[in-house]
Amino acid sequence: QVQLVESGGGSVQAGGSLRLSCVASGYSYMNSCLAWFRQAPEKAREGVAVIDSVGRTMYTNSVKGRFAISVDNAKNTLYLEMSSLKPEDTAMYYCAAVESSYGYGCVLHPLDVYKYWGQGTQVTVSS
């Protein structure tokens, strides 16, 4: 049974930093597309960042230069380093994964490309 578990969310002031983690069990992050999504109240879930099997990354425009996605395959853990946080970053953050082929690129949408999802971790940024 595949399980993705996020942690690291919390409440911070604008300009602060957080690091989110997503640990997988029953699933290997090798040869996968791994992504972070977020969903603010009354808004659609949106892709934030994705990393492919060779380490290429892609970010939504609003977080470029502030967020960094990375993966530790030995620990089967996906990370999202978030800095210079803004109130508009407030949302529930989800990690997601789907099997891929080595070297293939990954996408942030459509969301239903992703097969496995975590339960989410809340990030709240106050002004």
Side-chain angles (χ1 to χ4, degrees):
Q1 181 180 356
V2 175
Q3 192 172 19
L4 305 182
V5 179
E6 302 98 335
S7 61
S11 297
V12 296
Q13 289 192 325
S17 300
L18 284 173
R19 186 177 81 160
L20 306 184
S21 300
C22 176
V23 179
S25 58
Y27 182 83
S28 171
Y29 280 164
M30 298 285 288
N31 296 327
S32 294
C33 291
L34 306 171
W36 288 96
F37 293 82
R38 66 185 179 186
Q39 188 167 17
E42 300 182 0
K43 290 191 176 181
R45 192 171 297 190
E46 65 167 345
V48 175
V50 62
I51 186 168
D52 68 16
S53 60
V54 294
R56 291 173 300 207
T57 58
M58 183 168 58
Y59 300 89
T60 192
N61 286 339
S62 62
V63 308
K64 284 180 181 177
R66 300 189 298 120
F67 290 13
I69 188 172
S70 62
V71 60
D72 185 333
N73 287 316
K75 295 182 178 179
N76 229 25
T77 302
L78 177 69
Y79 300 101
L80 185 68
E81 296 273 4
M82 305 185 295
S83 61
S84 301
L85 282 161
K86 303 175 181 180
E88 51 263 44
D89 295 318
T90 295
M92 186 72 78
Y93 283 72
Y94 301 89
C95 61
V98 64
E99 297 92 343
S100 180
S101 297
Y102 184 80
Y104 276 47
C106 299
V107 296
L108 278 173
H109 54 85
L111 273 63
D112 59 8
V113 164
Y114 288 86
K115 186 175 179 180
Y116 306 108
W117 291 82
Q119 83 291 345
T121 185
Q122 177 68 37
V123 172
T124 303
V125 184
S126 58
S127 57

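One-based numbering along the sequence shown.
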Hey, can you pull the donor-acceptor pairs under 3.5 Å for the side chains in residues 95-116, sequence neighbours left out?
from: E99; atom 1: OE2; to: Y116; atom 2: OH; distance (Å): 3.1
from: Y114; atom 1: OH; to: V107; atom 2: O; distance (Å): 2.5

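Aromatic ring pairs are classed by plane angle as parallel below 30°, tilted from 30° to 60° and perpendicular above 60°; the pair W117 and Y94 is perpendicular.
When hydrophobic clusters are built by joining Ile, Leu, Val, Met, Phe, Trp and Tyr residues whose side-chain heavy atoms come closer than 4.5 Å, directly or via intermediates, V123 is grouped together with V63. In the hydrophobic clustering of this structure, F37 does not group with L20; members are Ile, Leu, Val, Met, Phe, Trp, Tyr whose side-chain heavy atoms approach within less than 4.5 Å, directly or through other members. A chain of hydrophobic side-chain contacts below 4.5 Å, direct or via other Ile, Leu, Val, Met, Phe, Trp or Tyr residues, connects Y93 to L18. V48 and V12 fall within a single hydrophobic cluster, where Ile, Leu, Val, Met, Phe, Trp and Tyr are joined by side-chain heavy atoms under 4.5 Å apart, directly or via other members.
A heavy-atom distance below 4.5 Å is found between the side chains of I69 and Y59. Between W36 and M82 the shortest side-chain heavy-atom distance does not fall below 4.5 Å.
When every heavy atom of L4 is checked against every heavy atom of Q119, the shortest pair comes out as O-OE1, 3.4 Å. Here the closest non-hydrogen pair linking Y79 and D72 is CE1-CB, 3.9 Å. Scanning all heavy atoms of the two residues, the minimum distance from V71 to L78 falls at CB-CD1, 4.2 Å. Closest approach of G47 and T60 over heavy atoms only: O-CB, 3.4 Å. When all heavy atoms of M92 and G120 are compared, the pair lying nearest together is SD-C, 3.7 Å. Nearest heavy atom pair, residue L80 against residue A49, reads CD1-CB, 4.2 Å.
No donor-acceptor pair under 3.5 Å is formed between the side chain of Q13 and the backbone N or O of S126. For the pair T90 (side chain) and E88 (backbone), a donor-acceptor distance under 3.5 Å is absent. Counting only distance, with no hydrogens or angles, the side chain of N76 and the backbone of S25 share no donor-acceptor pair below 3.5 Å. Put simply, the side chain of S32 never gets that close to the backbone of L34: no donor and acceptor are under 3.5 Å apart.
By the side chain to side chain contact (heavy atoms under 4.5 Å, CB included) test, S17 pairs with S83, sequence neighbours left out.
Note: S84 OG to D89 CG = 9.5 Å, rounded to the nearest 0.5 Å. From R38, atom CZ reaches atom CD of Q122 across 12.0 Å, with rounding to the nearest 0.5 Å.
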